[in-house]
There are 2 protein chains.
Amino acid sequence: MALKKDSPRIVLDRPNIDEAYHAVKAGISGHKTVVIIGKCSVDYEGRASSRLESGERIVLFKPDGSALVHRPRDYAPVNWQPPGSLFRTRLDEGQLQVRVFRRKENEILSARFEEITLVAVLDLRDKGEFYLYASEEDMKRAILAEPSLLEEGFRPLTAERPVEPGFIDILGFDRANTLMVVEIKRKAATKEAVKQLRRYVDFFTAGSEQKVRGILVAPDLARGAQRLLASLGLEFKALSPQRCAETLRKTRGKPLTEFFVHQ
Amino acid sequence: MALKKDSPRIVLDRPNIDEAYHAVKAGISGHKTVVIIGKCSVDYEGRASSRLESGERIVLFKPDGSALVHRPRDYAPVNWQPPGSLFRTRLDEGQLQVRVFRRKENEILSARFEEITLVAVLDLRDKGEFYLYASEEDMKRAILAEPSLLEEGFRPLTAERPVEPGFIDILGFDRANTLMVVEIKRKAATKEAVKQLRRYVDFFTAGSEQKVRGILVAPDLARGAQRLLASLGLEFKALSPQRCAETLRKTRGKPLTEFFVHQ
DNA sequence: TAATAAATGTCGTTT
DNA sequence: AAACGACGTTTATTA
């Protein structure tokens with residue numbers, strides 16, 4: 001059973017099992033988004049194993065090969081398979097069964113429906129862009145565009161050529177030509193971030209007499225990070241993602257969305 | 001508008017905005033699971049900020065206060081709020097808008113619907129147990145139940161009383177009464193795991209002449225972990241989660257499900 | 001409340 | 001393909 005071009009959409013309210021089976025099969029082979037709401041049990045075998053006993057859930061099968069089983073609670077799906085999985089639909093012992101295979105990890109997910117409340121087969125059109133801003137990357141770009149955000153006289157180096165260890169956010173020189181290693185965090189910097197910065201600074205001080213400054217840029221310092229920072233001889237510069245977003249907007253005179261990072 | 005006891009379920013196929021609004025509002029105030037499929041844009045403000053431009057999506061509102069916006073692709077929701085959030089439904093400029101507040105983190109998610117394909121208000125009954133096995137915790141329990149899985153003559157200490165640093169998986173003594181620190185991984189142990197074990201062993205060797213053995217228990221060693229392990233003077237014991245699950249079953253003579261960890 | 005570790009983490013980038 | 005780090009990580013556990 002193939003989906004007709006003029007009927008890319010199926011909604012079945014309390015379908016019988018055959019109706020549900022044909023709709024789901026057609027939807028999956030037609031690369032549609034399939035929603036099944038009903039009473040089901042779910043088994044998973046792969047990196048771990050699990051069994052979910054019978055209950056009413058919302059199950060999604062997406063055209064990219066991802067599958068999700070959602071209970072009426074929790075943020076996370078109780079069972080799932082990532083994109084790239086293969087769907088197989090069948091009738092087994094009078095029940096609708098959908099199996100989801102992921103060859104790469106040798107994983108299999110099986111959902112078996114005892115009762116079906118609703119089946120929806122949808123050709124969802126979603127080309128909308130997703131913009132996430134005030135990211136760490138935005139903060140980096142703001143400092144490169146306006147180095148005084150970090151310190152008067154700061155001259156970043158990263159903008160000109162990539163630095164040896166690519167994991168360093170920004171390298172540059174202060175007014176006195178002292179090398180500065182800049183580590184950026186978009187949230188309050190933790191002790192972990194401090195230790196990370198120390199390692200980066202060590203990379204440049206190793207086997208050298210040259211003084212190197214390590215600057216942690218973040219909106220705030222997390223509990224305990226202040227003391228560790230001081231004890232490791234590093235510095236802190238308070239800077240919020242919001243401030244960076246404003247700077248980007250002003251610097252280039254374009255709408256903020258221009259600077260969003262597309263996901 | 002309250003949901004009547006005898007109509008705990010609403011399915012609206014291509015509803016008009018007023019029908020949709022009343023159904024969603026009733027569903028949310030009645031602590032039902034609400035599914036809205038339609039064309040919407042989504043804004044988020046909180047730890048970061050995001051804007052999702054118009055497109056057709058599946059949006060879930062659960063009775064526990066969690067919300068999910070799913071595009072027709074990807075495993076992860078494009079936007080969400082965790083359980084405990086507050087829902088507010090309203091009609092705004094002729095569109096259905098649902099806002100989700102999370103006071104604690106000062107986060108807000110707003111979904112605005114231009115077109116509504118489907119609204120479902122459901123009273124999902126889901127008491128089914130979820131069992132996950134072959135977890136790291138299961139491996140630990142298996143070794144405690146059957147110490148020879150690790151090594152002939154191994155006597156675990158953890159079972160008797162909790163150990164000082166609670167982050168160590170198992171502590172015990174070998175046949176020669178040498179202290180053993182056991183780190184368990186359910187997947188191939190990475191270099192990170194090796195370094196972790198080294199830190200734990202150091203905790204016991206610090207300021208002591210006593211020899212301490214560090215054993216990494218895992219089904220396999222990841223690339224590079226072998227060399228690091230040897231260079232740090234640690235040992236490896238191959239053990240699979242499956243083997244542990246079998247041992248648990250044999251040891252106690254109960255069905256495997258008895259040993260599942262309930263999530 | 002804060003810190004820490006685990007997750008079927010997922011997802012991207014780089015080696 | 002493996003490895004490494006980031007994530008609005010989330011979640012559970014422990015101090």
Side-chain angles (χ1 to χ4, degrees), chain A residues 42-50 52 66-69 74-85 100 102 104-109 130 132-137 162 165-169 184-188 190-193 196 222-225 241 261-263, chain B residues 42-50 52 66 68-69 73-85 100 102 104-109 130 132-137 139-140 162-169 183-188 190-193 196 199-200 220-225 228 241 261-263:
Chain A
V42 184
D43 289 282
Y44 159 77
E45 279 287 342
R47 285 164 290 178
S49 309
S50 70
L52 176 63
S66 52
L68 302 159
V69 180
D74 303 332
Y75 151 81
V78 60
N79 282 112
W80 72 92
Q81 290 276 42
S85 305
V100 183
R102 194 186 178 202
K104 192 176 150 194
E105 297 274 356
N106 206 36
E107 291 182 304
I108 177 171
L109 177 73
F130 179 69
L132 180 72
Y133 68 89
S135 66
E136 191 178 300
E137 183 60 27
F167 40 81
I168 288 179
D169 288 332
I184 304 173
K185 293 294 169 191
R186 64 180 308 284
K187 299 194 296 185
T190 62
K191 284 188 286 188
E192 201 47 52
Q196 191 179 357
R223 193 64 57 83
V261 178
H262 177 233
Q263 217 183 35
Chain B
V42 184
D43 290 281
Y44 159 77
E45 280 287 343
R47 285 165 290 177
S49 308
S50 72
L52 176 62
S66 52
L68 302 159
V69 180
R73 57 174 179 273
D74 302 332
Y75 152 80
V78 61
N79 281 113
W80 72 93
Q81 290 277 42
S85 305
V100 183
R102 194 187 178 200
K104 193 177 152 195
E105 298 272 355
N106 207 36
E107 291 182 305
I108 177 170
L109 177 73
F130 179 69
L132 180 72
Y133 70 89
S135 66
E136 189 179 304
E137 182 60 27
M139 295 181 71
K140 177 174 172 176
V163 187
E164 284 281 351
F167 42 82
I168 289 178
D169 288 332
E183 175 65 23
I184 303 172
K185 295 294 170 189
R186 65 181 306 284
K187 298 194 297 185
T190 62
K191 284 189 285 188
E192 201 47 52
Q196 190 180 357
R199 287 196 297 273
Y200 298 161
D220 199 0
L221 282 174
R223 193 65 56 83
L228 183 60
V261 177
H262 177 233
Q263 219 184 34

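Here the structure is a predicted model, which is why all the values come from computation and not from measurement.
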- Message: Side chain of B:Gln196, heavy atoms from C-beta onward: which of C:dA6, C:dT8, D:dC4 has the nearest atom to it?
- Response: C:dA6

- How about B:Ser50 and B:Asn79: does a side-chain donor come under 3.5 Å of a side-chain acceptor? yes

- Message: My validator wants the stems of DNA chain D: runs of 3 or more consecutive Watson-Crick or G-U pairs, both distances under 3.5 Å, written as range with range.
- Response: C:1-7 with D:9-15, C:9-15 with D:1-7

- How do A:Pro82 and A:Lys191 order along DNA chain C: which one's closest nucleotide is nearer the 5' end? A:Lys191

- Query: Looking at C:dT10, does its base get a donor-acceptor pair with the side chain of B:Asp74 below 3.5 Å?
  - Reply: no

- Return the stacking result for C:dT10 and B:Tyr75: yes when the ring centres lie under 5.5 Å apart and the planes under 30°, no otherwise. no

- Task: Would you indicate what A:Lys104 reaches in the nucleic acid, counting non-hydrogen atoms under 4.0 angstrom: base, sugar-phosphate, or nothing?
- Result: nothing

- Nearest to side-chain heavy atoms of B:Glu107, which nucleotide of C:dT8, C:dA6, D:dG8: D:dG8

- Determine the contact category for A:Tyr44: base if any of its heavy atoms lies under 4.0 Å from a base atom, sugar-phosphate if only primed atoms, P, OP1 or OP2 are that close, otherwise nothing. base

Might you list the N or O atoms of the protein lying below 3.5 Å from N or O atoms in nucleotides 13-15 of chain C, with each pair's distance?
none

- Which part of the nucleic acid does B:Gln81 contact within heavy-atom distance under 4.0 Å: base, sugar-phosphate only, or nothing? base

- Task: Take atom NZ of B:Lys140 and atom C1' of C:dA6, then tell me their distance rounded to the nearest Å.
- Result: 13 Å

- Task: Under 4.0 Å between any heavy atoms, over every strand shown, what does B:Glu192 touch: base, sugar-phosphate, or nothing? Just pick one.
- Result: nothing

- Message: Any side-chain N or O of A:Trp80 below 4.0 angstrom from OP1/OP2 of C:dG9?
- Response: no

- Item | For B:Pro77, side-chain contact (heavy atoms from CB on, under 4.5 Å) partners two or more places apart | A:Tyr75, B:Leu68, B:His70, B:Trp80

